[in-house]
Amino acid sequence: MPPPWCWRWPRAGRPAPPAHASASDRSPGGSATPPAPPACRHRPRAPGCAPPAAAAPAPAPAAGHRRRSSRSPALASPAARRPARRPRARGCTASPRVAPAPPARCPRRSRRDRPRPAPPPGAGGRPAGRDRRRPSGWARAGPPPGSALPPATDAAFRRKPPLPPAAGPARRGRARSRHPRRYPGWSAKARRSSALRVLLLGGTTEASALARLLAADPRFQSVLSLAGATRAPRPQPIPWRIGGFGGIEGLRRYLAEARIQLLVDATHPFAAQMTRHALAAAGPIPLLRLERPAWQPGPGDDWLRVPDMPSAAQALGEAPRRVLLTIGQKELEPFRAVPQHDYVIRSVDPPDPAHLPPGAETITETGPFSLEAERALLEGRDIEVLVTKNSGGSATAAKLAAARERGIPVVMMDRPAPPPGLVMVADAGSAMRWLEGFL
């Protein structure tokens, strides 16, 4: 078997065989006979290296013999085995492996590995080119030719130098902060989250006017609450609910669950109980009372002031008279005690028949009422006495003017006294200015 290396014969002279050569390799004259050069697996082969010998074909398997699998090295045939790696022979010059050149734009390369064009000369000592990539992102470039500056380091180029100032007015680095509610891109959700939560206790004309103002202002998130005295209330421009709260504790619980921040009581001037409950349940929540001014008697008016409805019923006297009642539908019970009068009752909703005086006539109408309509009502029903509440406002004030013209006496029920320490305004504009003071 030839030695595990190959040698080449020199051009002149014949070297002696190595010491480990056998006797069969020597000539009869005593000189060593060089053996056949072994096969060399390197490409290109060194001069004198013979091509590799062809492997002997594997014997055909005998009949009935089961062929072994060549996947396992122990069971594979010798011809199928890969020859063992041999050391490189002396003098063999194997060709170096040259990696193929990458394409112009390799899709597997990252942006950092892609070659970048040389930047133009910059200001502030920025190098004109990069010798090689460094972890800092800049090349360690020397000073310009003919300069006495010391060689630059990575720390000098770790931060980009400032750009030269551009022509024109200077610009700030960051955009100027804007108020979120004035910024056009402020979302509706953000506006709702930053809006003040207002609970409006309504049921009056002033409450509807304030609701329209609140609906047009995105700085407030309002809810209108109606007591449910009217069966078919008018649609409102803000979210609204109908029904009571269940006393002071129920109102306090609702204020906490709804996270109310401001409370406005715009209920009827004679809803004294609701005003007391709102004052007791508000606690630290600011409370405002929106109440329109009361009516005041003028020249030619014949008013008889009474504190309550039983007193108004007794003020009618014993003689039968035709009486117009514009007091609503909840306080008709005291007039059943004086059934000798003929009653004409005007209300928004039909009253309960159990509370009506005997023989009473009902009119279902909703204000505002004009002066001509009030004149026709007094003349058509031959009204002799008018019983009403001092509710105030202009929606139902025409009946007082019509009674003044006809010389009809008026039994006027005064308003209850407001609780002490209550902040009060007279119109929706003043209430809106009070709310804006908390922004």
Side-chain angles (χ1 to χ4, degrees), residues 203-209 229-234 268-271 292-306 308-415:
T204 58
T205 306
E206 290 71 24
S208 300
T230 305
R231 298 179 184 178
R234 296 178 179 178
H268 198 270
F270 284 87
R292 54 180 176 253
W295 292 319
Q296 300 296 332
D301 289 332
D302 184 10
W303 286 13
L304 178 62
R305 295 178 178 271
V306 294
D308 50 21
M309 279 303 154
S311 302
Q314 297 298 326
L316 295 178
E318 297 294 337
R321 309 170 72 175
R322 288 193 57 86
V323 181
L324 174 62
L325 300 180
T326 58
I327 58 175
Q329 55 179 340
K330 295 183 178 180
E331 298 183 84
L332 298 175
E333 190 69 26
F335 294 93
R336 293 174 60 88
V338 283
Q340 69 272 17
H341 305 290
D342 296 333
Y343 297 100
V344 178
I345 303 173
R346 186 177 67 182
S347 61
V348 177
D349 295 324
D352 188 0
H355 299 161
L356 291 177
E361 179 187 359
T362 59
I363 301 175
T364 304
E365 291 180 350
T366 304
F369 304 100
S370 62
L371 180 59
E372 291 75 10
E374 297 295 294
R375 290 172 180 171
L377 175 63
L378 297 180
E379 295 177 2
R381 299 298 196 281
D382 295 332
I383 301 300
E384 301 176 355
V385 179
L386 172 62
V387 180
T388 185
K389 295 179 179 180
N390 196 345
S391 303
S394 59
T396 58
K399 61 186 176 184
L400 300 178
R404 185 187 310 116
E405 293 176 356
R406 293 183 60 84
I408 298 176
V410 178
V411 179
M412 183 71 68
M413 179 180 173
D414 292 332
R415 294 182 179 182

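With values rounded to the nearest 0.5 angstrom, Leu378 atom CG is found 7.0 Å from Leu386 atom CG. For the atom pair Leu304 CG and Leu316 CG, the distance stands at 9.5 Å (nearest 0.5 Å). Put simply, CZ on Arg292 and OG on Ser391 are 6.0 Å apart, with the number rounded to the nearest 0.5 Å. Atom NZ of residue Lys389 and atom CH2 of residue Trp295 lie 11.5 Å apart, to the nearest 0.5 angstrom. Rounding to the nearest 0.5 Å gives a distance of 8.5 Å between CE of Met413 and OG of Ser311.
The minimum heavy-atom distance between Glu331 and Pro334, with the atom names listed, is O-CD, 3.6 Å. Taking all atoms of both residues into account, the shortest heavy-atom contact from Gln296 to Trp303 is C-CH2, 3.6 Å. Of all heavy-atom pairs between Glu405 and Leu371, the closest is OE2-CD2, 4.1 Å. Across all their heavy atoms, Ala312 and Val411 have their closest contact at CB-CG1, 3.8 Å. Of all heavy-atom pairs between Ile345 and Gly328, the closest is CG2-O, 4.5 Å. Across all non-hydrogen atoms, the minimal contact from Asp301 to Leu400 is OD1-O, 4.4 Å.
Side-chain atoms of Glu206 do not come within 3.5 Å of backbone N or O of His268 as any donor-acceptor pair.
With respect to the salt-bridge test (charged N to carboxylate O, under 4.0 angstrom), the residues Glu374 and Arg346 qualify. Between Asp414 and Arg305 there is a salt bridge, since at least one side-chain N of the basic residue sits less than 4.0 Å from a carboxylate O of the acidic one.
Put simply, the side chain of Val344 reaches to within 4.5 Å of the side chain of Ile383, judged on heavy atoms. Within the 4.5 Å cutoff, the side chain of Asp308 has no heavy atoms near those of the Val306 side chain. Residues Pro351 and Thr362 form a side-chain contact, since some pair of their non-hydrogen atoms from C-beta on lies under 4.5 Å apart. Between Met309 and Gln314, the closest side-chain pair of non-hydrogen atoms is not below 4.5 Å. Residues Thr396 and Thr326 fail the side-chain proximity criterion, which asks for heavy atoms closer than 4.5 Å. Side-chain contact between Thr388 and Lys399: present, with at least one pair of heavy atoms (C-beta onward) separated by less than 4.5 Å. In this structure, Val410 and Asp302 have side chains that are not in contact, with every pair of non-hydrogen atoms separated by 4.5 Å or more. With contacts defined as side-chain heavy-atom distances shorter than 4.5 Å, the pair Ser208/Arg234 does not qualify.
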Dump the intermediate steps for side-chain contact (heavy atoms from CB on, under 4.5 Å) on His355 and Gln329, then the final yes or no. CA-CA 8 Å; His355 299 161; Gln329 55 179 340; over 6 Å; no

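Leu324 pairs in a side-chain contact (heavy atoms from CB on, under 4.5 Å) with only one of the listed residues (Leu377, Val385, Val387), which is Leu377.
Relative ring orientation between His341 and Tyr343 is described as perpendicular, the plane-to-plane angle rising above 60° on a 0-90° scale split at 30° and 60°.
For Glu365, the side-chain hydrogen bond (donor to acceptor under 3.5 Å, both in side chains) criterion is met by no residue, not counting sequence neighbours.
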